[in-house]
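To find a chain, count down the sequence lines: A is the first, B the second, and so on, and within it residues start at 1.
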Number of protein chains: 2
Amino acid sequence: MPQAAAAIAVDDTVTPRQGEVLDAVLALLLEGRDGLTMTAVARRASCSKETLYKWFGDRDGLLTATVRWQASKVRAGNWDRQHLDADALAESLEAFAANWLAVISSKTSVALNRVAVAHAASGRSDLGRIVLENGRFAIGERLKPLLEAAREAGLIAFDDTEAAFRTFFGLVGRDVQIRLLLGDSITLSKAEIAADAARATRQFLTLFGAGRPAPRNRSN
Amino acid sequence: MPQAAAAIAVDDTVTPRQGEVLDAVLALLLEGRDGLTMTAVARRASCSKETLYKWFGDRDGLLTATVRWQASKVRAGNWDRQHLDADALAESLEAFAANWLAVISSKTSVALNRVAVAHAASGRSDLGRIVLENGRFAIGERLKPLLEAAREAGLIAFDDTEAAFRTFFGLVGRDVQIRLLLGDSITLSKAEIAADAARATRQFLTLFGAGRPAPRNRSN
DNA sequence: GCCGAACCGTACCGTACGGTACACCCTTTC
DNA sequence: GAAAGGGTGTACCGTACGGTACGGTTCGGC
């Protein structure tokens with residue numbers, strides 16, 4: 001059976017040793033500077049190139065496995081379904097926003113998104129799709145139930161869940177991701193992330209809140 | 001004088017023939033598929049590689065000149081300073097939003113941003129900086145005077161102009177740019193762009209409007 | 001103790017591409 | 001009409017990198 005690579009492509013069963021290899025790819029990746037060659041990966045992971053090709057098929061397979069590997073690490077926590085009142089909603093939204101900001105501003109996310117963007121540019125857009133599904137769309141699917149539960153509880157009002165989510169997405173992310181991808185050296189401290197998450201949540205509730213809107217804030 | 005390239009790097013004086021070459025780069029670029037080699041550019045532009053190197057120094061110089069060339073083409077219109085009332089403000093904001101959406105969703109912008117992102121990944125981040133300056137920051141500097149004039153006219157209220165702009169940016173762009181960069185095949189028709197621009201403007205005025213807020217809209 | 005499988009390290013191959021050199025051509029100038 | 005300068009087309013070089021082959025080593029099973 002020559003295609004051990006297929007096993008990795010189909011399910012996410014990764015042996016510990018393979019995990020080490022993928023961690024080496026990640027390490028190399030966020031070292032940046034174009035260092036991501038197959039030879040470099042093999043050296044870093046102390047394995048042979050032949051093993052890399054046996055396990056992952058080719059360079060794209062290795063990158064794909066790495067993206068999946070990283071995605072499998074960051075399955076973030078969910079929200080608390082019962083007793084959803086205004087405070088709990090705001091808290092959950094803030095948590096989502098803060099988590100999302102922390103993810104997109106991490107070096108790992110930036111590096112992986114850059115690779116995926118470059119990959120998408122060259123036609124075969126597998127990586128782009130995978131990153132999108134595990135990032136933008138995954139958080140959408142996780143957040144939408146909260147939004148709809150909050151709507152049913154009469155806390156917020158909207159017609160189109162997708163549109164509401166996209167607005168939230170925009171309020172949270174703003175220009176952060178594109179700036180980071182393009183190499184702008186902004187750094188988000190934990191405090192800034194918390195403040196941004198709170199601001200975005202306030203703004204979102206002002207736009208979509210059903211009862212009396214959240215207090216207007218003019219700064220930030 | 002061996003460095004004709006320096007002349008292009010410093011000012012934007014581009015001869016018609018050089019413009020043709022840069023247009024060839026753009027054409028090749030949005031054909032995608034990794035076709036952007038120096039040989040391909042030379043063939044497409046019917047010039048010799050030697051000329052390319054003489055004019056632009058090296059591959060990076062050619063890309064940099066291309067980005068500047070494209071940026072010099074899209075200097076968009078400004079707004080009308082006198083008689084700034086609520087309607088004029090909304091109209092100007094919508095025009096900004098629509099223009100910005102049209103730009104970022106164009107094939108050219110996507111292709112150039114992808115190149116710049118890949119470039120930023122490899123350390124030397126010249127292209128990323130240039131794209132950022134001509135995109136994200138340029139529109140910021142053009143929009144901020146409008147926001148501040150509107151504030152002085154008592155139409156909107158905010159403390160931090162930059163923060164207000166970033167919120168507008170987020171409301172307009174949402175997830176469009178990252179999805180396009182990652183290869184998601186969303187297309188924005190003129191009607192959708194207009195609708196999005198109107199929605200973003202309504203939402204922005206709801207958040208920052210000083211008088212009675214713009215009418216809440218629950219759909220879209 | 002022997003076998004085979006898995007794997008490491010490394011040498012090697014082919015190719016693509018950035019960059020250079022050169023022969024030829026066309027136009028302008030004196 | 002000869003010389004000079006700028007440009008085209010092409011052949012060429014060096015290298016980096018994806019991918020393969022192979023000898024050597026470790027280790028589990030019998």
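- Among all heavy-atom pairs drawn from B:L182 and B:R114, the shortest one is C-NH2, 4.4 Å.
- If you check every strand for non-hydrogen atoms under 4.0 Å, B:T51 touches a base.
- Distances shown here put a side-chain N or O of A:W55 below 4.0 Å from the OP1 or OP2 atom of C:dC7.
- A:R174 has a carboxylate O that lies under 4.0 Å from a charged side-chain N of A:D196, or vice versa, which qualifies the two as a salt bridge.
- Judged as a salt bridge (charged side-chain N to carboxylate O under 4.0 Å, His left out), and not counting sequence neighbours, B:E91 has no contacts.
- Rounded to whole Å, the distance from CG on A:L63 to C1' on D:dG19 is 15 Å.
- For the pair B:R136 and B:E162, the salt-bridge criterion is met [side-chain N within less than 4.0 Å of a carboxylate O].
- Within 4.0 Å (heavy atoms only), A:R43 reaches no atom of the nucleic acid at all.
- Residues passing the ring pair (Phe, Tyr, Trp, His ring centres under 6.0 Å) test with B:F204 are B:F168, B:F208, sequence neighbours excluded.
- Atoms CZ (B:R44) and P (D:dT8) sit 16 Å apart, rounded to a whole Å.
- Protein atom CZ of B:F56 is 16 Å distant from nucleotide atom C1' of C:dG18, rounded to whole Å.
- Nearest heavy-atom pair, B:G140 versus B:F165, reported as atom, atom and distance to 0.1 Å: CA-CZ, 3.4 Å.
- In the set C:dC7, D:dT8, C:dG18, C:dC7 carries the atom at the smallest distance from any side-chain atom of A:K54.
- Look at NE2 on A:H119: it is 14 Å from C1' on D:dG18, rounded to the nearest Å.
- B:L52 has its CG atom 15 Å from the P atom of D:dT10, to the nearest Å.
- The interatomic distance linking A:R17 (CZ) with D:dC27 (P) rounds to 13 Å, in whole Å.
- Rounded to whole Å, the distance from CG on B:L36 to P on C:dA16 is 17 Å.
- As a whole-Å value, the separation of A:E20 CD from C:dC7 C1' is 13 Å.
- Ion pairing between A:D23 and A:K73 holds under the 4.0 Å rule for side-chain N and carboxylate O.
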What are the atom names and distances for every N/O pair under 3.5 Å that joins the protein to nucleotides 20-22 of chain D?
unit_1, atom_1, unit_2, atom_2, d
D:dC22, N4, A:E50, OE1, 2.1
D:dC22, N4, A:E50, OE2, 3.4

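- Between A:D60 and B:A45, the residue anchored closer to the 5' end of DNA chain D is B:A45, taking for each the nucleotide with the nearest heavy atom.
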